[in-house]
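Before any comments, here is the structure.
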Amino acid sequence: MAKVIDGKRFAEGLRARIATAVKALKAEHGLTPGLAVVLVGEDPASKVYVANKARQTAEVGMNSWEHKLAASTPEKELLALIDRLNRDPAVHGILVQLPLPKQIDSTKVLDALDPAKDVDGFHVVNAGRLATGQEALVACTPVGAVMLAKDVLGKLDGLEAVVIGRSNIVGKPVAQLLLKENCTVTIAHSRTKDLPGVVRRGDLVIAAVGRPEMVKGDWIKPGACVIDVGINRIERDGKARLVGDCDFASCEKVAGSITPVPGGVGPMTIACLLRNTVRAACALKGLPVPAL
Ligand SMILES: NC(=O)c1ccc[n+]([C@@H]2O[C@H](COP(=O)([O-])OP(=O)(O)OC[C@H]3O[C@@H](n4cnc5c(N)ncnc54)[C@H](OP(=O)(O)O)[C@@H]3O)[C@@H](O)[C@H]2O)c1
């Protein structure tokens, strides 16, 4: 049976390291990293995410601001807020919670962020820096997924990595990060022929598809590491449940290690957001960026 990767525990450890780094930045440089989160509208899931982000930001000793705007907010008003946050020296990270209401063009909003404060790593400048091997703020879930893989496998050099999914927020950045770790990377997607055969090549499989329990145990190379990014809400036996993109029951019998859902990659996302905020604060102040 596969080793089950405890993302919750790893994320707790990362947050503890971040809290220590924040304490040192305050004591040695009078710098308190600060994260501003912008929520437009009343989407219930977004409200929960934003509240969790604010709570965990405060818990590691950083400044946290929540900007809650009405669902009817015109695009111009949101862009004006972003402009103010871009110019505010106390704010080192800005996160605009997606999705945005229909009247707002989210690409325009992401483009308006100062790339140096783009802690979600979605700005085209950060995506381009990552793709060209430059220092970048990288999307949080991909960073978290690769951290877990490195924790369990050590060096990833030379491994065959198969990423299922090519979205800008998960699949592509995860593939870039794995390339940086010297993996041989295959990116699979909805048009990939013989997906099970392609996945079976992977020493490391990262699933970011959004299809409940799609990846089966007989797709997995024996001993492979399986990182399941998927979060899918399903109903089973009359109960609401969260499941990943991998069929955990069959995959854990074949894999060497596997992340559960929930409790795998999920908890890493906010921890990596806090990490990005500390990194952004240090870079903006010209201080050495802690590895964390
Ligand atoms: N905090 C977190 O842990 C976190 C954060 C972000 C996302 N997620 C989860 O990760 C999953 C993926 O998110 P996303 O935003 O990347 O989704 P997305 O934008 O919908 O992208 C899904 C990708 O999967 C591919 N795909 C769809 N059906 C497929 C199939 N049958 N076979 C092979 N590939 C297929 C798509 O291919 P095409 O490009 O060809 O359409 C696409 O590239 C979701 O479950 C999401 O909830 C979790």
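Both ligands and their constituent atoms are indexed starting at 1 by order of listing. Side chains are part of it too, since the values below use all heavy atoms of this structure and drop only hydrogens, waters and symmetry mates.
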Validation: residues 147-154 side-chain donor-acceptor distances under 3.5 Å, sequence neighbours left out:
| unit_1 | atom_1 | unit_2 | atom_2 | d |
| --- | --- | --- | --- | --- |
| Lys150 | NZ | Glu181 | OE1 | 3.4 |
| Lys150 | NZ | Glu181 | OE2 | 3.0 |

Can you give me every donor-acceptor pair (side chain of residues 254-270, partner residue at least two apart or in another chain, under 3.5 Å) with its distance?
| unit_1 | atom_1 | unit_2 | atom_2 | d |
| --- | --- | --- | --- | --- |
| Thr259 | OG1 | Asp228 | N | 2.8 |
| Thr269 | OG1 | Thr141 | OG1 | 2.9 |

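Between Leu159 atom CG and Cys183 atom SG the span is 5.0 Å, to the nearest 0.5 Å. Interatomic distance, Lys216 NZ to Cys246 SG, rounded to the nearest 0.5 Å: 9.5 Å. Rounded to the nearest 0.5 Å, atoms CG (Leu85) and CG (Leu95) are 11.5 Å apart.
Checking side-chain atoms of Asp245 against main-chain N and O of Met214 turns up no donor-acceptor pair under 3.5 Å. Between the side chain of Thr20 and the backbone N or O of Ala16 there is at least one donor-acceptor pair closer than 3.5 Å. Distance alone, capped at 3.5 Å, places no donor-acceptor pair between the Arg166 side chain and the Ile187 backbone.
In this structure, the protein non-hydrogen atom closest to atom 32 (N) of ligand 1 is Leu195 CD2, 3.7 Å. The protein heavy-atom contact nearest to atom 13 (O) of ligand 1 is Val170 CG2, 4.3 Å. Atom 26 (N) of ligand 1 has its closest protein heavy atom at Val209 CG1, 3.5 Å. Distance from atom 48 (C) of ligand 1 to its nearest protein heavy atom, with residue and atom name: Val229 O, 3.2 Å. Nearest non-hydrogen protein atom to atom 36 (C) of ligand 1 is Ser190 N, 4.3 Å. The protein atom (non-hydrogen) at minimum distance from atom 30 (C) of ligand 1 is Met214 SD, 3.8 Å. The shortest contact between atom 44 (C) of ligand 1 and any protein heavy atom is with Gly210 CA, 3.6 Å. From the protein, the heavy atom lying nearest to atom 15 (O) of ligand 1 is Ile169 CD1, 3.4 Å.
With a 4.0 Å cut-off on non-hydrogen atoms, Thr192 does not touch ligand 1 at all. Contacts between Met268 and ligand 1, counted as non-hydrogen atom pairs separated by less than 4.0 Å, are absent for every part of the residue.
At a threshold of 4.0 Å, the pair Glu66-Arg55 does not count as salt-bridged, since none of the basic side-chain nitrogens sits closer than that to a carboxylate oxygen. Between Arg241 and Glu235, none of the side-chain N atoms (NZ, or NE/NH1/NH2) sits under 4.0 Å from a carboxylate O, so this pair counts as no salt bridge.
Considering only heavy atoms from C-beta on, Asp203 comes within 4.5 Å of Lys221 through its side chain.
Of the candidates Ile270, Thr269, Asn168, Thr269 brings a heavy atom nearest to atom 1 (N) of ligand 1. Nearest-heavy-atom check against atom 21 (O) of ligand 1 across Ser167, Gly7, Pro173 picks out Ser167.
Taking a cut-off of under 4.0 Å to the non-hydrogen atoms of Gly165, the atoms of ligand 1 that pass are 23 (C), 24 (O), 43 (O). Near Thr141, with a cut-off below 4.0 Å to any heavy atom, the atoms of ligand 1 are 1 (N), 2 (C), 3 (O), 4 (C), 5 (C). Of all atoms in ligand 1, numbered sequentially from 1 with element shown, those under 4.0 Å from a heavy atom of Gly266 are 3 (O). With ligand atoms numbered from 1 in the order given, ligand 1 contributes 45 (O) to contacts under 4.0 Å with heavy atoms of Asn232.
Considering backbone and side-chain N/O of Arg166, one or more are found under 3.5 Å from N/O of ligand 1. For a threshold of 3.5 Å applied to N or O pairs, the pair formed by Ile231 and ligand 1 contains at least one separation below that value.
The shortest separation from a heavy atom of Ala208 to ligand 1 is under 4.0 Å, placing the residue in contact.
Side-chain polar atoms of Gln97 and Lys47 form no donor-acceptor pair below 3.5 angstrom.
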